[in-house]
There are 2 protein chains.
Amino acid sequence: MTTIYDLAKKTGISKSTISRVVSGNGYVSEEKRKIILNAMHELNYIPNQVAKNLRQKQTKTIGFLVSDYFPLVGDFINSFTKIAAKYGYNVNVYFTQNAKNELKTLRLLTTRALDAVFILTRINSWDTISSYADFGPISTWQRVEHAHIYSNYIDHYPVYTDVLNHLDGLGYKRVGHVLSSLRNANTRARVKAIDDFKLKHPDSNQDYQLFYHGQHNAGADAADKWLHAKERPEAMVFFADFVAAEFIASLRKHHVKVPQDCLVVGSDNSEIAKLMNIPTIDLCFRNQAHNAFIYLYNELNDQQLPFEKQTPQWIDAD
Amino acid sequence: MTTIYDLAKKTGISKSTISRVVSGNGYVSEEKRKIILNAMHELNYIPNQVAKNLRQKQTKTIGFLVSDYFPLVGDFINSFTKIAAKYGYNVNVYFTQNAKNELKTLRLLTTRALDAVFILTRINSWDTISSYADFGPISTWQRVEHAHIYSNYIDHYPVYTDVLNHLDGLGYKRVGHVLSSLRNANTRARVKAIDDFKLKHPDSNQDYQLFYHGQHNAGADAADKWLHAKERPEAMVFFADFVAAEFIASLRKHHVKVPQDCLVVGSDNSEIAKLMNIPTIDLCFRNQAHNAFIYLYNELNDQQLPFEKQTPQWIDAD
DNA sequence: GTGAAAGCGCTAACAA
DNA sequence: TTGTTAGCGCTTTCAC
């Protein structure tokens, strides 16, 4: 491994001058620059990133934390990593899996191994998590209002209200809802949208509601419940495309026709919704990934890069 | 930020002794250990990982390189990252996107930012890539036989032969094949399996073959071709579940019934195959992710951890 | 069992 | 424009 010291010895030029040409900071005469460039080539010099990290107290690495895998995670990593790469940042992916391990991962911020952290889904309380914000900026996909944690969330209340009205306009009077955990602010926003809708539309039945903490098997379970329901909802709205997809697949096994027997609506506008031709709600996760990164970048580099606009909308199947 | 130097000053004990209790290497008397542990708590000491990395010439970080996103990537990252975390390794995800950038990413190995590299899909030639193996072990998902690059591949020849026989046994005499690029050794293995099968089964027609370089839109394109085919194959076998899924969705839009009008078979045994109830071929990517990591771990730590067995097999729909 | 000292490879303030 | 110097925070011989 050639080091900057070897170059200095070979060229007789000081380490600092060499550092200047390698990093591109500061003035170096054309003459010396050429000599140094030559020597770099000759000795096949590659700067040691770790030494640089230590000296500069930054690693240009962002932690991507998610409690566990679900299909949208892949799509999200894709969006987040690409925007990060564009600005010269690496991203480390962590499946935290439990509270203790999530804390351990957040500690990487304090060990200086990570410059910043993005949290897709979390386990510990936001209060606990925010205490790590002293060591580096934190942003999240979740809907939170917390000092020191940036959240680029979409308020589901107006979106869901639109969806309910839209379904009502299409003639669906018995609508079922498959929702995420009430721990999420946006699940509560959805429930509130339903409650407010009910007051205005007493002819409509929105009482079929299911809540799930995770995506795993939720669709299959919901299908089972739907099949055994006394009065089957004519339409079902889901908190995630993947769950809707699983629901559809389970119904089809029982020869239920979708959308004829039951209209199924997803959320996310992910690849799978396109694939399975499921009407869905675009909640702009791609823009959210973008903005979540931009926030971290701005904090880290004292910049004011602008955020992208997000306009959630109903996406029809073909 | 408390450093080891602060602890030394506070306790009056030398840095080296403190280092010993922090890292757990070497003997320290119970008495001093207690004093140090106390001080660590009191000053809320957290070791700087970057300084450790510089000193130890390793970062415990593995690069996960993939040329671009496709749905299985998420599943793969999930498997790979979890096994890596189990052994204390971080994983950095990179979408290389083009040849130049792939090289730039591989250079992270030479800058010591990465201890090792896993390549899901690549752009440059294996000859080019293997030249980086001097700086750290490289493993891949792809089928390669190359000195210095570990490949935990499945030979598709026998698997595909089984699939062809299975379909033949089910009475499918006109079978279409949607294959990946001939640049892949396993695509060539599949083609060879088809050719050999044809010699033994002259009554069977296997000549409907389509090749795609990527997954993007391949399923929709194949559907379009199938719809306009003079003689539509009765069964179609795909190189990826996702492509098969897209094919099915496209056919359904044209009111073609699957599997009645056309049996569709995927490859990978991914989540989407389960979801859409597509018969598929389990090619054990989870085990492959595991083994690919184990190889890197063994190389890095001079160990001989055993690999997992892999037995590819046909997976029926329910 | 403990401490002194050297050094991983780089950068940046300061002086020249 | 360049060189000297002093670290970044940790680990690891080596000597006691």
Side-chain angles (χ1 to χ4, degrees), chain A residues 1-37 39-40 43-61 88 107-115 135-136, chain B residues 1-37 39-40 43-61 88 107-115 135-136:
Chain A
M1 286 274 37
T2 309
T3 72
I4 210 167
Y5 182 77
D6 299 326
L7 289 178
K9 207 158 54 177
K10 177 168 174 90
T11 59
I13 300 171
S14 81
K15 284 192 298 171
S16 25
T17 305
I18 292 167
S19 172
R20 281 182 197 109
V21 352
V22 172
S23 64
N25 296 118
Y27 304 99
V28 177
S29 69
E30 239 358 272
E31 187 193 12
K32 296 218 170 178
R33 161 168 275 119
K34 261 186 197 154
I35 297 173
I36 293 167
L37 252 20
M40 278 168 63
L43 299 184
N44 195 20
Y45 169 73
I46 289 149
N48 180 317
Q49 186 61 43
V50 182
K52 195 170 172 175
N53 289 347
L54 175 61
R55 181 62 228 229
Q56 303 198 330
K57 294 176 183 291
Q58 56 160 331
T59 54
K60 292 262 178 193
T61 302
R107 283 192 144 229
L108 294 174
L109 217 41
T110 59
T111 67
R112 315 266 36 131
L114 257 27
D115 290 351
F135 303 96
Chain B
M1 286 273 38
T2 309
T3 72
I4 209 168
Y5 182 77
D6 299 327
L7 288 179
K9 208 157 55 179
K10 177 168 175 91
T11 59
I13 300 171
S14 79
K15 286 192 297 170
S16 18
T17 305
I18 292 168
S19 172
R20 281 182 196 106
V21 353
V22 172
S23 65
N25 296 120
Y27 304 99
V28 177
S29 68
E30 241 355 275
E31 188 192 8
K32 296 217 169 177
R33 160 169 276 119
K34 261 185 196 156
I35 298 173
I36 293 166
L37 252 20
M40 278 169 63
L43 299 185
N44 194 21
Y45 170 73
I46 290 148
N48 180 316
Q49 187 60 43
V50 181
K52 195 170 172 178
N53 289 346
L54 176 61
R55 179 64 228 230
Q56 302 197 331
K57 293 176 184 292
Q58 56 160 332
T59 55
K60 292 261 180 196
T61 302
R107 283 194 142 228
L108 293 174
L109 217 41
T110 59
T111 68
R112 316 265 37 130
L114 257 27
D115 290 351
F135 302 96

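Order of the sequence lines sets the chain letters (A, B, ...), proteins ahead of strands, with each chain counted from 1.
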CG of A:Asp115 to CG of A:Leu108, rounded to nearest 0.5 Å, is 11.5 Å
Interatomic distance, CD1@A:Ile13 vs CD1@A:Ile4, rounded to 0.5 Å, equals 11.5 Å
Rounded to the nearest 0.5 angstrom, the CZ-CZ distance for A:Phe135 and A:Arg112 is 8.0 Å
Rounded to the nearest 0.5 Å, the CG atom of A:Leu7 sits from the CD1 atom of A:Ile36 at a distance of 8.0 Å
Sequence neighbours excluded, the answer for side chain to side chain donor-acceptor pair (under 3.5 Å) partners of B:Ser19 is none
Per-helix bend value, the helix from C:dG1-D:dC16 to C:dA16-D:dT1, C1' rotation axes over five pairs per end, 10° rounding, shows 30°
side-chain contact (heavy atoms from CB on, under 4.5 Å) filter on B:Gln49, not counting sequence neighbours, yields A:Thr111, A:Ala113, B:Lys52, B:Asn53
Hits for side chain to side chain donor-acceptor pair (under 3.5 Å) against A:Lys60, two or more places apart or cross-chain, chain-then-number order -> none
Contacts of A:Ser14 meeting side chain to side chain donor-acceptor pair (under 3.5 Å) (sequence neighbours excluded), chain-then-number -> A:Ser16, A:Thr17
For residues 10-28 of chain B, the salt bridge (Lys or Arg N to Asp or Glu O under 4.0 Å) pairs (sequence neighbours left out) are B:Lys10-B:Glu42
At a 4.0 Å cut-off to heavy atoms of chain B, the contacted part of DNA chain C spans C:dG1 to C:dG9
One should read off an interatomic distance between A:Gln58 CD and A:Thr61 OG1, to the nearest 0.5 angstrom, of 9.5 Å
What residues 13-29 of chain A contributes to the DNA chain C interface at heavy-atom separation below 4.0 Å is A:Lys15, A:Ser16, A:Ser19, A:Arg20
Scanning both residues in full, the closest heavy-atom pair of B:Thr11 with B:Ile18 reads OG1-CD1, 4.0 Å
In the 5' to 3' direction, the nucleotides of DNA chain D bounding the stretch that comes under 4.0 Å of a heavy atom in chain A are D:dT1 to D:dG9
Indicate yes or no: at least one non-hydrogen side-chain atom of A:Val22 is less than 4.5 angstrom from one of A:Met40. yes
Interatomic distance, OH@B:Tyr45 vs OG1@A:Thr110, rounded to 0.5 Å, equals 11.0 Å
The correct set of residues in residues 45-53 of chain B placing a heavy atom under 4.0 Å from DNA chain C is none
Quick note, salt bridge (Lys or Arg N to Asp or Glu O under 4.0 Å) partners involving residues 25-34 of chain A, not counting sequence neighbours, are A:Glu30-A:Arg33
Those residues at least two apart in sequence (or on a different chain) that pass side-chain contact (heavy atoms from CB on, under 4.5 Å) with A:Thr3 are A:Tyr5, A:Asp6
